[in-house]
Amino acid sequence: MLLPLFLSAFQKLAFSGLLLLAGYTGAPSNAPAATPNDEEEKATAKTFTTATAIKGIDVSRWQKHVDWALVSESEVAFAFVKATQGDFRQDPFFTRNWEETKRHGIKRGAYHFYKPEAPVQCQIELFTNSVVLEAGDLPPVLDVEISDPKVSPVQLRAGIRTWLEGVTAHYGVKPIIYTSQNYYRRYLQGHFNDYHFWIARYSDNHPEVHQTDSWMFWQHTDRGRIMGINTAVDVNFFVGDSDMLSQLCIPDLMAQETQPSPLKQLKHMYPLP
């Protein structure tokens, strides 16, 4: 591990405090969260999405060639970029998207699409050999959204934790877990309270998590339209303000100093079916 974990203090103090002040139930709390009625919850979601939230997107090969100069003019503050999938594949647009987001002043984060049946250590190595985190980047993200009949829920969670801990050891910062609301409820709730969640819930209602868990990003739709992108794109909101988003990013002292081997990067760039 490079340095003591950056997010530990942030998780316990700053961010959880902000969530409580904002009235969101995602922050850990010893007291049971209040349950608003439908009208109150809809009003909260509307206020959150239109007035107080920081907007971002996430992209992969499905968006193809993104014009990041135009995206940067569309009130997009951050972007999560797909880096890798399973144990052998790098997204063919990752390198370009990773470089262009930074060049145009958009806070960037890289994510790995987790395959439950693939060897976990190989998935860790694929991601860490492909992604160099720098000061100002968002923490790594593990995208968990599929299951496998050969992998039990207990085995699934064990594999997820192994990936999270391996990536934490490499970068010195805890990853964020991306998943859907339903997947979270079925497999993850209450099992990863030392990590923050990014929840996909295509609804007027904000994500709901177990009282011991916390969420910080909400994927609100997969049908967003953003200038500079010719296809539909996922639109996300960060629950805090711009200062909180900056605090979440990796500071100078924790930025990775070594570059991955170019040969290791190239060997994962197989054509996609």
Side-chain angles (χ1 to χ4, degrees), residues 1-12 15 58 60 78-95 97-99 101-102 107-145 155-179 188 191-198 214 216-217 245-270:
M1 185 179 299
L2 298 180
L3 286 174
L5 297 181
F6 161 61
L7 282 185
S8 58
F10 176 81
Q11 178 181 3
K12 293 178 181 178
F15 191 81
D58 58 273
S60 66
F78 64 89
F80 287 109
V81 178
K82 183 177 182 180
T84 50
Q85 175 174 322
D87 60 345
F88 72 94
R89 181 172 294 162
Q90 185 184 87
D91 190 281
F93 290 92
F94 169 67
T95 300
N97 287 332
W98 191 241
E99 293 173 351
T101 46
K102 181 176 182 179
K107 293 186 187 303
R108 62 184 186 177
Y111 73 89
H112 173 76
F113 188 93
Y114 186 75
K115 300 293 289 292
E117 74 280 8
V120 178
Q121 191 58 42
C122 293
Q123 298 195 63
I124 294 171
E125 292 174 359
L126 171 59
F127 185 81
T128 56
N129 287 334
S130 300
V131 179
V132 176
L133 295 181
E134 300 177 359
D137 292 340
L138 292 163
V141 174
L142 182 62
D143 178 344
V144 187
E145 56 183 277
Q155 292 171 321
L156 171 68
R157 288 190 288 268
I160 291 170
R161 187 166 292 278
T162 297
W163 192 96
L164 294 170
E165 292 176 350
V167 169
T168 299
H170 182 82
Y171 295 109
V173 61
K174 282 189 175 183
I176 298 164
I177 303 172
Y178 166 89
T179 192
L188 306 179
H191 293 282
F192 295 92
N193 52 34
D194 44 349
Y195 296 90
H196 288 299
F197 283 91
W198 165 18
S214 62
M216 59 171 60
F217 292 96
L245 184 63
S246 294
Q247 289 179 44
L248 177 61
C249 294
I250 296 171
D252 290 341
L253 293 178
M254 292 188 67
Q256 188 179 359
E257 296 179 358
T258 58
Q259 298 285 331
S261 163
L263 291 178
K264 288 183 178 180
Q265 286 183 300
L266 289 172
K267 77 175 186 178
H268 301 299
M269 298 180 68
Y270 294 108

Exercise. If you round to the nearest 0.5 Å, how far is CD of Gln90 from OG1 of Thr95?
Worked result: 4.5 Å
Seminar exercise, completed: d(Cys249 SG, Glu134 CD) to nearest 0.5 Å is 12.5 Å
Exercise. Of the non-hydrogen atoms in Ala83 and Phe127, which two are nearest, and what is the gap between them?
Worked result: CB-CE1, 4.1 Å
Exercise. Under 4.5 Å between any side-chain heavy atoms of Trp163 and Ile177, yes or no?
Worked result: no
Problem set entry | Non-hydrogen side-chain atoms of Ile160 and Leu188 separated by less than 4.5 Å | yes
Exercise. How about Glu145 and Phe113: do any of their side-chain heavy atoms sit closer than 4.5 Å?
Worked result: yes
Problem set entry | Heavy-atom closest pair, residues Gly159 and Val120 | O-CG1, 3.6 Å
Exercise. Considering residues at least two apart in sequence or located in another chain, which fulfil the salt bridge (Lys or Arg N to Asp or Glu O under 4.0 Å) criterion with Glu165?
Worked result: none
For this session: Keeping the roles fixed (side chain from Lys107, backbone from Leu138), state whether a donor-acceptor pair exists under 3.5 Å.
Result: no
For this session: Give a yes or no on whether the backbone of Val144 and the side-chain of Thr179 come within a donor-acceptor separation of less than 3.5 Å.
Result: yes
Problem set entry | Step-by-step side-chain contact (heavy atoms from CB on, under 4.5 Å) determination, Lys82 to Phe93 | CA-CA 8 Å; Lys82 183 177 182 180; Phe93 290 92; over 6 Å; no
For this session: Please report the C-alpha distance between Trp98 and Asp91 in whole Å, then the side-chain angles of each, then the deciding distance to 0.1 Å, and finally whether the side-chain contact (heavy atoms from CB on, under 4.5 Å) criterion is met.
Result: CA-CA 11 Å; Trp98 191 241; Asp91 190 281; over 6 Å; no
Problem set entry | Side chain to side chain, Phe94 and Val131, heavy atoms closer than 4.5 Å | yes
For this session: State, with a plain yes or no, whether a side-chain heavy atom of Tyr171 is found less than 4.5 Å away from one of Thr128.
Result: yes
Exercise. What is the minimum heavy-atom distance between Asp87 and Leu126, and which atoms define it?
Worked result: C-CD2, 3.7 Å
Seminar exercise, completed: To the nearest 0.5 Å, atom CD1 of Ile124 lies from atom OG1 of Thr84 at 11.0 Å
Exercise. Out of curiosity, Thr168 OG1 to Arg161 CZ, how far, rounded to the nearest 0.5 Å?
Worked result: 10.0 Å
Exercise. Would you say the ring centroid of Phe217 lies under 6.0 angstrom from that of Phe78?
Worked result: yes
For this session: For a ring-ring contact (aromatic ring centres under 6.0 Å, His included) with Phe80, tell me which candidate from Tyr111, Tyr178, Trp198 qualifies.
Result: Trp198
Exercise. Taking Gln123 for the side chain and Tyr114 for the main chain, is one N or O donor matched with an acceptor at less than 3.5 Å?
Worked result: no
Exercise. How far does NE2 of His112 sit from CG of Leu142, to the nearest 0.5 angstrom?
Worked result: 6.5 Å
For this session: Look up atom CD1 in Ile176 and atom NE2 in His196, then write down how far apart they are to the nearest 0.5 Å.
Result: 8.0 Å
